[in-house]
Amino acid sequence: MRNISAAMQQVIDGGLRRPAYKIFAWDPTATTISAVVSAMGILDDPAPVDLTPYASDLSWSDRQLSFTLADPDSRFHPDFGQYKNYLRDAAIIRLLEGDETVPEADWTITFSGQIHGQIGWSKSRQSAKMSSRVSVFGRGETQAFKRRKVTSKEYSVGTDLGIALSDMCETFLGLTKREMRIPFTLGRQFKHKTNQLSQVTPWDGICSLLEVVCYQPYFDGEGKLSYINKSLHRPPARLYQNGDRIIELNVPERSQDAVNKVTVTFLDSQLERVDGPYQKLGQAQVTTGFFSMHETLPCWWSEDHRQRADGTSMKVIKSVNSGLLPVGTESYRQVDEFHGQIDVNISVWVPILATVMLAEYLLAAKAPDRTSPAVVTVPGPGTVLSTAVGGGPVVGTITVNPTTLGQWTVSVGRILQAQAMLGILVIMMSMGSAQYEIWGTPYDYAYLEKKSIAIEDGLDYWLENNLDLKNDFIGTHDQADIIAMTELIWQKCQGAPRKIAVADDPRLEIGDIIGLPDGRKVVLTGMSKTIKRGEVSTLVLDGSKVLTA
């Protein structure tokens with residue numbers, strides 16, 4: 001409920017009223033709406049233009065202000081008028097309402113907004129003056145708040161949501177602290193390690209933050225960011241104890257099903273283990289043999305060394321013992337949750353045998369060859385071995401060729417070298433590459449999505465009309481249960497609309513609860529009225545009947 005001055009309060013309670021209003025406009029090239037709204041009262045530097053003498057037929061609502069503007073001397077002509085900038089695109093307009101018997105300083109600002117686009121002008125033949133129907137939209141209708149996507153900075157666990165809300169408003173809506181009526185601290189903290197609003201519109205981001213405390217944002221008549229409290233367990237802001245102030249009470253038609261179930265999806269603040277499917281986590285390969293006694297192969301589950309896994313085991317694709325001889329052993333162990341280790345050990349006899357064979361090969365090179373003795377049979381005396389060409393006996397020395405007499409040479413060294421070479425070749429052929437795969441169950445710790453459901457008692461499932469809400473800043477089931485129940489009651493109330501016409505009361509605001517003489521309560525969701533000089537306006541209140549659980 002809006003606070004008004006004591007003088008205005010006395011006039012409203014007394015019933016003798018002489019309503020008055022003023023409309024002021026500011027040049028958007030000379031100032032900003034933020035400066036206008038942040039000022040105490042009416043900003044006078046730069047000074048505004050008073051549109052009151054030119055305005056008539058005011059139509060006011062909580063979102064839009066419309067009035068007819070007569071311009072007899074083309075002061076506001078969009079091409080050459082002296083005050084053309086005061087009605088141009090983004091021009092700032094404020095409506096001030098009060099009473100002629102009360103000083104203007106005690107009046108109440110009931111609307112603050114801007115012109116969007118270009119207003120239209122018309123000029124009739126009967127009258128030489130120009131006229132226009134000017135429409136001014138509240139700050140909540142600014143489409144830049146609801147279209148562009150933004151990303152906020154990160155907030156750590158324990159940070160109050162109000163700090164993030166204030167940052168969003170200052171950074172992406174351009175609001176100052178004097179333009180916000182929302183508390184700086186909301187009494188709710190971020191529950192997760194890292195929190196960020198990513199690729200959301202500024203308005204959606206503000207709605208998400210306020211949803212945690214069951215608030216709904218809106219801009220009030222002064223152009224300041226305020227909120228509607230969806231919790232209806234609060235006393236009425238205004239009690240109508242006698243019926244003379246209520247002009248009319250209607251029950252509008254509503255031809256659509258009311259929400260009877262609310263599902264709130266949220267991220268639990270407790271980290272829980274989440275297992276993945278059994279799969280290959282990593283692989284390793286090694287080339288080994290007699291030249292390497294031991295190989296240690298670390299195997300990580302991911303390139304960044306952050307993946308966790310459990311129940312890991314090794315699958316041998318190609319073993320070091322795949323050669324002619326088994327030359328070693330292969331083993332695996334899991335070091336920690338992030339990686340394991342493969343150990344390949346070569347048997348000690350392999351390098352020893354290779355060394356012995358090499359030494360034997362070298363020593364065998366010095367081994368001499370062996371030649372068998374020649375056997376010559378010498379004939380007895382008187383035996384003629386051969387006859388000379390002339391037929392006589394051969395006289396002289398006899399030379400015998402050993403090879404023709406059955407003598408041979410044995411290369412002992414080569415035989416020993418061949419034996420050593422064979423051993424070396426066998427060891428070399430047993431050397432090779434091995435391939436391994438590590439399999440296991442990957443897992444990680446994550447904030448799981450959970451649901452909280454509020455539903456009418458005894459509702460059949462085929463009659464459910466569900467409203468889904470998703471908010472990652474809700475961290476516990478208790479918070480989610482409160483939000484789900486509050487939203488369900490709020491939606492049920494929206495299914496029972498009411499329209500009430502009362503005498504104008506500038507104290508009422510959106511979200512207020514009013515009490516009727518018969519004890520019923522109505523929460524206000526919209527207001528509108530037609531303003532005329534010297535007449536007490538009839539304020540039309542759109543609302544919903546308050547239902548409680």
Side-chain angles (χ1 to χ4, degrees), residues 2 21-55 58 60-67 69 71 73-98 103-121 132-148 150 166-182 202-203 206 217-226:
R2 182 185 292 117
Y21 66 85
K22 281 194 173 182
I23 303 176
F24 295 101
W26 283 265
D27 181 357
T29 63
T31 188
T32 63
I33 189 170
S34 179
V36 172
V37 173
S38 300
M40 297 293 294
I42 298 299
L43 180 68
D44 55 3
D45 185 19
V49 169
D50 188 356
L51 302 180
T52 309
Y54 312 97
L58 275 70
W60 174 94
S61 72
D62 56 290
R63 295 184 176 182
Q64 183 176 345
L65 172 67
S66 299
F67 57 90
L69 185 74
D71 186 12
D73 49 6
S74 300
R75 293 185 179 185
F76 301 97
H77 194 283
D79 293 331
F80 51 79
Q82 178 184 359
Y83 300 129
K84 62 181 181 179
N85 283 344
Y86 291 87
L87 290 178
R88 59 168 288 176
D89 181 31
I92 306 156
I93 310 293
R94 298 192 97 179
L95 173 64
L96 192 65
E97 293 188 76
E104 188 175 316
D106 292 330
W107 290 13
T108 304
I109 299 173
T110 59
F111 187 86
S112 301
Q114 292 178 284
I115 294 174
H116 292 177
Q118 177 179 285
I119 64 175
W121 292 91
S132 174
R133 187 66 180 173
V134 180
S135 295
V136 187
F137 298 91
R139 298 187 76 179
E141 306 305 307
T142 304
Q143 295 303 307
F145 296 167
K146 303 176 181 180
R147 288 182 179 174
R148 59 192 176 97
V150 299
S166 179
D167 290 345
M168 286 286 293
C169 294
E170 293 180 9
T171 305
F172 301 113
L173 268 62
L175 304 182
T176 62
K177 288 182 171 56
R178 299 189 64 176
E179 297 175 76
M180 293 183 285
R181 291 176 58 191
I182 299 176
W203 194 252
I206 292 173
Y218 82 101
F219 282 95
D220 63 10
E222 296 182 21
K224 298 181 178 180
L225 184 64
S226 187

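Just so you know, these numbers use all the heavy atoms, side chains as well, and skip hydrogens, waters and symmetry mates.
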Asks: Decide yes or no on side chain to side chain contact (heavy atoms under 4.5 Å, CB included) for V49 and D27, but give the supporting numbers first.
Replies: CA-CA 9 Å; V49 169; D27 181 357; over 6 Å; no
Asks: Quick check: closest heavy atoms across R178 and K224, and the distance to 0.1 Å?
Replies: O-CE, 3.3 Å
Asks: So if I apply the side-chain contact (heavy atoms from CB on, under 4.5 Å) rule between F219 and each of L175, T142, V37, which one comes out positive?
Replies: L175
Asks: Going from CD1 on I119 to CZ on R133, what distance comes out if it is rounded to the nearest 0.5 angstrom?
Replies: 11.5 Å
Asks: Ignoring hydrogens, what is the shortest heavy-atom contact between N85 and A91? Give both atom names and the distance.
Replies: O-CB, 4.0 Å
Asks: Within the 4.5 Å heavy-atom criterion, are K177 and S166 side-chain neighbours or not?
Replies: yes
Asks: Not counting sequence neighbours, which residues clear side chain to side chain donor-acceptor pair (under 3.5 Å) with D62? List them please.
Replies: none
Asks: Check the pair I92, L43 against side chain to side chain contact (heavy atoms under 4.5 Å, CB included), reporting the backbone distance first and the verdict last.
Replies: CA-CA 11 Å; I92 306 156; L43 180 68; over 6 Å; no
Asks: Where do E141 and Q64 land on the side chain to side chain contact (heavy atoms under 4.5 Å, CB included) test, with the steps shown first?
Replies: CA-CA 9 Å; E141 306 305 307; Q64 183 176 345; over 6 Å; no
Asks: State which residues pass side chain to side chain donor-acceptor pair (under 3.5 Å) with S34; sequence neighbours excluded, sorted by chain then number.
Replies: E179
Asks: Taking R2 for its side chain and D220 for its backbone only, find out whether a donor-acceptor pair lies under 3.5 Å.
Replies: no
Asks: Take L87 and L69 through the side chain to side chain contact (heavy atoms under 4.5 Å, CB included) test and state the conclusion after the steps.
Replies: CA-CA 10 Å; L87 290 178; L69 185 74; 3.1 Å; yes
Asks: Indicate the ring-plane relationship of F24 and W26, choosing parallel, tilted or perpendicular according to the 30° and 60° boundaries.
Replies: tilted
Asks: Identify, with sequence neighbours excluded, every residue that meets ring pair (Phe, Tyr, Trp, His ring centres under 6.0 Å) alongside F67.
Replies: none
Asks: Give a yes or no answer on whether the side chain of W121 reaches the backbone of D71 with a donor-acceptor pair at less than 3.5 Å.
Replies: no
Asks: Please list, chain by chain and in numerical order, all residues satisfying side chain to side chain donor-acceptor pair (under 3.5 Å) with E104, sequence neighbours excluded.
Replies: K22
Asks: If every non-hydrogen atom of G140 is compared with every non-hydrogen atom of K146, which pair is closest and at what distance?
Replies: O-NZ, 2.8 Å
Asks: Under a 4.5 Å cut-off applied to non-hydrogen side-chain atoms, are I42 and I109 in contact?
Replies: yes
Asks: Mind listing the closest non-hydrogen atom pair of A90 and P28 along with its distance?
Replies: O-CB, 3.3 Å
Asks: To the nearest 0.5 Å, what is the distance between CD (E97) and CD1 (I23)?
Replies: 9.5 Å
Asks: For the residue pair A25 and I93, what are the closest heavy atoms and their distance?
Replies: CB-CD1, 3.5 Å
Asks: Find the distance between CD1 (I115) and OG (S135) and round it off to the nearest 0.5 Å.
Replies: 9.0 Å
Asks: List the residues meeting ring pair (Phe, Tyr, Trp, His ring centres under 6.0 Å) with F137, not counting sequence neighbours, and say none if there are none.
Replies: H116
Asks: Ring-plane angle category for F76 and Y54, please: parallel below 30°, perpendicular beyond 60°, tilted otherwise.
Replies: perpendicular
Asks: For the backbone of Q143 and the side chain of R148, can you confirm whether one donor and one acceptor N or O come within less than 3.5 Å of each other?
Replies: no
Asks: In Å, rounded to the nearest 0.5 Å, how long is the span from CH2 of W203 to OH of Y218?
Replies: 10.5 Å
Asks: Of the non-hydrogen atoms in I206 and C169, which two are nearest, and what is the gap between them?
Replies: CD1-SG, 3.8 Å
Asks: Drop me the distance from R94's CZ to I33's CD1, to the nearest 0.5 angstrom.
Replies: 8.0 Å
Asks: Which value, rounded to the nearest 0.5 Å, describes the distance between K84 atom NZ and H77 atom NE2?
Replies: 10.0 Å
Asks: Is the backbone N or O of G120 less than 3.5 Å from a side-chain atom of S132, with the two atoms forming a donor-acceptor pair by type?
Replies: yes
Asks: What residues, two or more places apart in sequence or in another chain, satisfy side chain to side chain donor-acceptor pair (under 3.5 Å) together with D89?
Replies: none
